[in-house]
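Below is one structure; the comments refer to it alone.
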Amino acid sequence: INKKSHKNDDNDNDNDNDDDSDSNEDVSSKKRYTNRKPSNNKRRKKDNIEELERKVQQLQEENSELQAHLLNISQRNSEVQKQREVMEAIMAQKIQNIDDNPNSYKEIQELVKKYTDIYADYGRCRQKEINFHLNQLEKLIVPTQTTKMILWSMQQDKSFINTPLFKIFVSDLGITKDQLQRIQKRKQLMKELQDLIKESLNLIQVLRTTITNKHNQLDTKMRAVQNIATPTQNIQFLLWINKNSDKLAKLIPNFNSPTIHIPSADFVEEI
């Protein structure tokens, strides 16, 4: 009996040792996990900081490029204005030295056409600028991807909570069903916003069509008037207006307002 009792005691001690060993391993494992967790956090923070530094560097480079681009545009636009003055001086010289040579009339006619295309409010350059700015305006009105996503998700019905996309919301963003229900209560407001966006884009299309019609009619009618006069008379008329602009301003309302439009050098180069 005593021998059996000793064996049982030994077994109990072994079991206790095993329990202590398992407990020690659990504690050690938890410590390793605990130590690893701050290390992972530090690594993520370091990666985030490095990513932010790269973005800051990229933005600084883009800003420098933009400033250089704007300076270049300003210089080129100044050159366009000088080009206008040079063209007017050349045209004035051409009509003073005109002769019976048919090539002289042809050269003057080409000068008038180029001048009109660049500087006239019905010229090709002005039309290109109008289209460019209308396109930019349209881009500014079109919703961003973030807004598109919000508008789309808020238009979904209750079955949306059973879709894989909503499960991604729940897992990645932590969006709850209660939050989704509260958001969906504002569906009508989002519908009104979508209608306003569509209306704005439609208005731009109407404006584009109206301006194009105006431009085409003005171009057709003004060129018809120009064709009645000779190329020499057209130049003389242009120079006469520039010379007598102060007198004309006293007779014609808003003659000097707005000031003369200087076309962008980018569009002038395309003419």
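The first residue in the sequence is number 1, and the count goes up from there. None of these values were measured; they are calculated from a predicted model.
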Apply side-chain contact (heavy atoms from CB on, under 4.5 Å) to the pair Asn213 and Thr209, showing each step before the final yes or no.
CA-CA 6 Å; Asn213 291 338; Thr209 301; 3.8 Å; yes

Consider only side-chain heavy atoms of I, L, V, M, F, W and Y, link residues closer than 4.5 Å, and tell whether [X] and [Y] are in one cluster.
X	Y	value
Leu218	Val112	no
Leu196	Leu203	no
Val206	Ile204	no

Quick check for you: to the nearest 0.5 Å, what is the distance between [X] atom [atom1] and [Y] atom [atom2]?
X	Y	atom1	atom2	answer
Glu138	Leu207	CD	CG	11.0 Å
Ser245	Lys250	OG	NZ	11.0 Å
Asp121	Asp219	CG	CG	10.0 Å
Met87	Glu85	CE	CD	12.5 Å
Thr116	Arg223	OG1	CZ	6.0 Å
Arg126	Ile211	CZ	CD1	11.0 Å

Is it true that, when you exclude [X] itself, more than 12 heavy atoms of the residues, nucleotides or ligands shown sit nearer than 6.0 Å to its [atom1]?
X	atom1	answer
Gln93	CD	no
Lys214	NZ	yes
Arg186	CZ	no

Can you say whether the rings of Phe237 and Trp240 are parallel (under 30°), tilted (30 to 60°) or perpendicular (over 60°)?
parallel

Between the main-chain N or O of Gln217 and the side-chain N or O of Thr220, is there a donor-acceptor pair closer than 3.5 Å?
no

Between [X] and [Y], is any pair of side-chain heavy atoms under 4.5 Å apart?
X	Y	answer
Arg208	Asn135	yes
Lys113	Gln109	no
Ile197	Leu201	yes
Asn216	Gln127	no
Lys94	Leu111	yes
Ile118	Gln83	yes

With sequence neighbours excluded, residues passing ring pair (Phe, Tyr, Trp, His ring centres under 6.0 Å) with Tyr122:
none

Working note: Ile108 + Met91, criterion side-chain contact (heavy atoms from CB on, under 4.5 Å); need CA distance, chi angles, decisive distance, verdict.
CA-CA 7 Å; Ile108 292 176; Met91 287 189 294; over 6 Å; no

side-chain contact (heavy atoms from CB on, under 4.5 Å) for Phe132 and Gln136? Distances and angles first, verdict last.
CA-CA 6 Å; Phe132 171 80; Gln136 293 301 308; 3.7 Å; yes

Below 4.0 angstrom, N of the basic side chain to O of the carboxylate: do Arg84 and Glu88 qualify?
yes

For residues 142-152, which side-chain donor-acceptor pairs fall under 3.5 Å, sequence neighbours excluded?
{"from": "Thr144", "atom 1": "OG1", "to": "Thr147", "atom 2": "N", "distance (Å)": "3.4"}
{"from": "Thr144", "atom 1": "OG1", "to": "Thr147", "atom 2": "OG1", "distance (Å)": "3.3"}

Could you go through the side-chain contact (heavy atoms from CB on, under 4.5 Å) check for Met222 and Gln226 one step at a time?
CA-CA 6 Å; Met222 293 299 292; Gln226 285 183 338; 5.6 Å; no

